[in-house]
Amino acid sequence: MPFGPRLDRPSAVGDEGRPRETSLGLVAATVVALALATGVAVGEATALTGLGLVAGLVTAGIALLARDSLGQKVVGHLLFLPGGTFLGLLTAVTPGNPYLVGGYALALLGTAAAWADVADDGTLEAALSQGLLSYVFGLVWLFGAGIVLAGGFLGWRLVDGVVATEDPTVAAIGFLLVLGAALGAVRLSLEGIPVVQLTPRARRDAVRARLGRCERRLALVAVAAVGVGLVSLVFTVTDSPALALVPGAPPVVEALTSTAVVGPLLAVGAVALLAAGVASATRQVTQRFGERKTRTVAAGAAGAGYLVVVLFGVVPQAAGLLVFSPLRFLAVIVLAPLALFAALGLALAAVRIDLFPERAGGPALAATGLVLAAVGADSTGLPAPLVFATVAGALVVWDAGSFGLGLTAELGHRPDTRRLELYHGVFAVGIGAVAVLGATALYAVRTTAGGGHTLAMTAAVVGTLLLGALLRG
Amino acid sequence: MRRRRVRWRGAVAAALILAVAGIWNRSAVLVLGAAIPLVFVAYGALSTVDSPDGVAVARTVDPTPAPPGRPVTVTLTATNESDRTLSDLRVVDGVPDALQVVDGSPRAGAALDPGEACTVEYTVVARRGEYEFAPPRVRLRSSGAGMVATAEPRPSGDERLVCRLDADAPPLAERGDDFVGRLTADRPGRGVQFHSTREYRRGDAADRIDWRGYAQRGELATVEYERWVSTTVVVVLDARERNRVAAGPGRPTAVERSAYAAVRTVTALMRVGHDVGLAVVGRNARGPGGLDWVDPGIGSGHRSRLTASVERAVEMDVGTPVDATHQFRKAAELSGPRAQLLLVSPLLDGRPVEAVETWGSLGRARTVLSPDVVSATTVGGRLDAVRRRARLARCQSAGARTVDWRRGTPLALALEYAFEVEARRSAATAGGGG
C-alpha cells in the first residue's frame with residue numbers, strides 16, 4: 001500500500017481483484033460528473049466537488065475510529081470531528097440553494113462511505129460514542145488550558161511584582177512563595193521521573209532510600225517556605241516595617257529576589273514538571289492497553305489535538321477574516337460539533353429502523369443526497385435535463401452501489417467480478433439514459449404544446465409503468 | 001427455486017418525494033422527474049431469470065487420494081449450456097467444513113455468453129479421512145437483479161477428497177531410486193558420501209575420477225563412496241497427546257503429519273531392502289512396556305501391519321497419561337543393539353530430544369525426521385518455531401541426522417534436499433582430501 005492503513009476492511013485485499021471496485025467506481029464517476037455539471041450550470045465548476053475532499057476525510061475518520069490501535073484511533077478522531085464540523089460549516093456557508101449544496105454534500109459523503117464500507121450500525125455507533133468522548137475531552141482540555149493560562153498569568157504577575165517591588169518584606173514573601181512552588185514542583189516531579197528504574201540494579205536500594213529522604217526534605221522545605229510566606233502576609237496589612245528594621249536584610253532580600261535567582265529557580269521547577277510529564281506520557285503510550293483504555297486515551301489525546309487545531313489553525317484564520325468575536329467564536333466551536341453528533345445520531349437511527357439498509361448505507365445516502373440535489377437544482381432554475389439526469393443518477397448510484405456491496409457480501413473480496421459488475425452497470429446507466437431522454441422529450445413536448453399537460457403526461461407514464469409491472473407480476 | 005427481491009423501495013420513496021416537491025413548488029420538471037424512479041422500478045419488475053438448469057457444473061480434485069498436509073487443488077467449472085446470456089451467475093462450491101481453503105476462493109461471479117464457462121480454483125489442505133463436497137450453489141439474477149433463481153446441481157467429476165497416510169507410497173514391488181533409507185557403512189562402494197580415493201583402474205566411470213587431484217599431482221585417482229548396506233531400522237512415532245495440535249483450523253495435526261511421514265519412510269526403507277520395525281510412543285498398548293510395537297521385518301504384509309499400527313496411533317482417543325520417557329527408552333531396548341532408530345516427531349517439547357540424547361549414550365545411530373506444524377504468523381508461533389529449531393540443533397549436536405520437513409514442502413522433496421546436503425558435504429570432503 002502507498003501509505004497508511006486501507007480503510008475498507010476485512011482485509012483480504014490487494015491480491016486478486018476486488019468485487020464492488022467497478023461498481024463503486026461507476027457510483028463515484030456518476031456523483032462527481034453530476035456535481036461538476038451542476039457546478040458548471042451555476043457558474044462555479046468546482047464549488048460542489050470541493051466538498052468531496054472534506055467528505056472523504058470525515059469518512060476516513062469514521063473508518064479509523066472502528067480500528068483497534070491507538071494511533072489509528074487518534075488520527076480517526078482528528079479527521080472525524082474537525083472534518084465533520086468543517087463540512088457542516090462549509091455546506092452552510094457555500095452560496096446556493098441549501099438542498100442543492102446539502103444534497104451534494106450528502107452524495108459525496110455517501111460515496112466515500114460506500115468505498116470505506118462504514119455506513120453500518122456498529123461503525124456509526126463507534127464513531128458517535130467515541131466522537132462524543134473526544135468532544136468532552138476537548139472541552140476538558142479547553143477549560144484546563146484556560147485554567148493553566150490564568151494560573152500562569154497570575155504567577156507571572158507575582159514574580160514580576162516580587163522582582164520589581166521596593167518593600168523588602170513583600171519581596172521576601174514573594175520569594176518564599178516562589179521557592180515553595182519551585183521545590184513543590186520538583187517534589188511532585190520526582191514521583192513521575194523513573195530515577196530508581198534508571199539506576200543499576202545493584203544500587204537501587206541505596207538510591208531509593210536517598211530519594212525518599214530527598215523527597216521528605218523537599219516537601220518539608222516547600223511547605224515551610226509557603227507557610228512562612230503565607231503567615232508573613234500579616235506584615236503586609238500592618239504598618240510594621242518588618243524586614244526593613246533588620247540590619248543587613250534588605251540587601252540580602254534584594255539579591256534573592258533578583259532575576260538571576262528567581263529565574264533559574266522557576267526554570268528548575270518548570271523543567272522538573274516537564275520531565276515528569278514526558279515520563280508519565282511515555283509510560284502511558286508504551287504500555288499495553290485494553291480496548292476501553294485505548295478508546296479513552298485516544299479520545300484524550302485527540303482532545304488535546306483539537307485544542308492545537310483550534311488555537312493554531314482556526315483562531316488565526318478567524319482573526320484574519322476580521323470576524324473574530326471571542327464569545328461567538330467559542331459558541332461556534334462548542335456547539336457546531338453537537339450538530340454533527342445530531343446528524344450522526346439520525347443516521348444511526350435510520351440504519352437501526354431499517355430506513356437505510358445496513359449493507360448498502362453508503363449508496364442509499366448518496367442516492368438520497370442526489371434526490372435532494374435534484375429538488376434544489378429545480379428550485380435554482382437549472383435546466384430540466386440536468387434535473388432529470390440528477391434523478392436518474394440517484395437511481396444509478398443506488399443500483400450499482402448496492403449491487404457491488406451485495407456482491408462482496410455474497411462472494412467475498414477475492415474473486416474477480418469486474419465483467420459482471422460492468423454488465424450490470426451498463427444496464428443501469430442505459431436505463432437511466434433512456435429515462436432521462438424520455439423525460440426530456442416529454443418535457444419538450446409539454447413546453448412546445450404550451451404547458452398545462454404535465455400532470456396528465458406524468459400520470460400516463462406512471463400508469464403505463466405500473467400496469468407493465470403488474471402484468472408481469 | 002426462484003424468488004423476487006425487494007430492491008426498489010427507495011425508488012418508490014424517491015418518486016413520492018419528487019412528486020410532492022413538484023406539487024409543492026408547482027414544478028413540472030419535478031413531477032415529470034418523479035417518473036424516472038418508476039422506470040427503474042418497472043425495469044426491476046419486468047426483468048426475469050430462468051432456472052439455472054442450463055448451467056453444467058464439473059469438479060476436479062487433484063490429487064486424490066492425497067497424503068495429510070498436501071495442498072489439494074479443487075477446480076469447479078460452470079458452463080452456460082443454454083442459448084441465452086446469463087447476465088449474473090454466482091457460484092459457490094460446497095467445501096467440507098473440516099477443510100480449510102488456503103489459497104484462491106471457492107466463490108465466483110461472472111456474466112456468461114452461451115457456451116462460455118467460468119472456473120473457480122482454490123486450494124485446500126488435505127486432512128486424513130474422506131471428505132464429501134456438497135453440491136455447489138449456483139445462483140442466477142435477472143439483469144435488474146430483482147429476481148434470483150438458486151439451484152444446487154450435482155457436479156460431474158470428483159465429489160470427495162480422500163486423504164490417506166499411504167496415499168503416495170509406491171508399491172513395494174517397484175524398485176525406484178529413492179534416497180530414503182539408504183544407510184551407509186564404513187566400506188567403499190556405491191553411494192553418495194565420500195569414503196576414500198584409490199588408484200585409477202581401467203573402466204572406472206569418468207564422474208568418479210578425482211580431477212582436482214589429477215590437476216594438482218598429475219596422477220589419476222578414483223573416488224570411493226561409503227557403501228550402502230542393508231540394516232534394521234525402527235521407526236519411533238511420537239504420537240503423544242501434546243502433538244495433537246495443528247497450525248490452524250482445517251489443517252492436519254502434527255500426529256497426522258508424523259504418521260504420514262512414518263508410513264512414507266517405512267515404505268521407502270523397505271523398498272531398498274531394510275528390515276523396518278515400529279514403536280508408537282504416546283498410547284497405552286498391549287505391547288512390551290506399554291508400547292504399540294511391531295517387530296522389524298520386510299514385505300507387503302509387514303508393511304500393512306505397520307500402516308495399521310500407524311493408523312491406530314492417529315485415531316486413538318487419549319486415555320490415561322503415559323510415561324513417554326519410559327516408552328522412548330523401551331523402544332531403544334526392544335530394537336536391539338544394531339538397529340538404527342528413526343524418530344518421527346514434531347519436536348514441540350524437549351522430551352524427544354532427551355530421548356535422542358539417551359539413545360546416543362547407548363551408542364545408537366539416530367535420525368530425526370521432524371514435520372513442522374508451527375505457525376510463524378504470530379509472536380507466540382515464532383517463539384515456538386525458534387524453540388523447535390533449537391531442539392533440532394540439539395539433536396544434531398547429539399550426533400543425530402535431522403530432516404526438517406517444512407509445511408508446504410513435499411516430504412520426498414524434503415528428504416531429497418537432506419540427502420543432497422549429505423552428498424555436497426561428501427563432495428566437499430572429497431575435494432579437500434584431493
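The chains referred to below are lettered A, B, ... by the order of the sequence lines, with proteins before strands, and numbering in each begins at 1.
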Does some side-chain heavy atom of [Y] sit less than 4.5 Å from a side-chain heavy atom of [X]?
{"X": "N25(B)", "Y": "S379(A)", "result": "yes"}
{"X": "E410(A)", "Y": "R139(B)", "result": "yes"}
{"X": "L411(A)", "Y": "V92(B)", "result": "yes"}

Roughly how far apart are [X] [atom1] and [Y] [atom2], rounded to 0.5 Å?
{"X": "R9(B)", "Y": "D354(A)", "atom1": "CZ", "atom2": "CG", "value": "7.5 Å"}
{"X": "W398(A)", "Y": "W8(B)", "atom1": "CH2", "atom2": "CH2", "value": "8.5 Å"}
{"X": "D416(A)", "Y": "S105(B)", "atom1": "CG", "atom2": "OG", "value": "11.5 Å"}
{"X": "S47(B)", "Y": "I431(A)", "atom1": "OG", "atom2": "CD1", "value": "8.5 Å"}

Inset, instruction - Sort out for me which of A13(B), P106(B), G22(B), S87(B) touches chain A most, counting heavy-atom pairs under 4.5 Å. - result: S87(B)
Inset, instruction - Just give me the residue among A14(B), P37(B), A21(B) that pairs up with chain A most often, heavy atom to heavy atom, under 4.5 Å. - result: P37(B)
Legend entry - Donor-acceptor pair, side chain of R419(A) and main chain of A111(B), under 3.5 angstrom: yes
Inset, instruction - State whether the side chain of R7(B) and the backbone N or O of D399(A) hold a donor-acceptor pair below 3.5 Å, judged by distance alone. - result: yes
Inset, instruction - Quick one: do V434(A) and V39(B) satisfy side chain to side chain contact (heavy atoms under 4.5 Å, CB included)? Show the steps, please. - result: CA-CA 9 Å; V434(A) 168; V39(B) 174; 5.9 Å; no
Inset, instruction - Answer yes or no: does atom OH of Y99(A) have more than 12 heavy-atom neighbours from other residues, nucleotides or ligands under 6.0 Å? - result: no
Legend entry - D113(B) atom CG, neighbour heavy-atom count above 12 within 6.0 Å: yes
Which pair of heavy atoms, one from [X] and one from [Y], lies closest together, and at what distance?
{"X": "G33(B)", "Y": "V391(A)", "result": "O-CG1, 3.7 Å"}
{"X": "D378(A)", "Y": "S27(B)", "result": "OD2-OG, 2.6 Å"}
{"X": "P415(A)", "Y": "A108(B)", "result": "CB-CA, 4.1 Å"}
{"X": "Y443(A)", "Y": "A28(B)", "result": "CE1-CB, 4.4 Å"}

Inset, instruction - Please name the residue in the list V29(B), L18(B), L32(B), I36(B) that meets the side-chain contact (heavy atoms from CB on, under 4.5 Å) test with V387(A). - result: V29(B)
Quick check on [X] against chain A: is it the side chain, the backbone, both or neither that has a heavy atom closer than 4.5 Å?
{"X": "A110(B)", "result": "backbone"}
{"X": "R26(B)", "result": "neither"}
{"X": "S142(B)", "result": "neither"}

Legend entry - Ring-face cation of R141(B) near Y423(A) (centre distance under 6.0 Å, axis angle within 45°): no
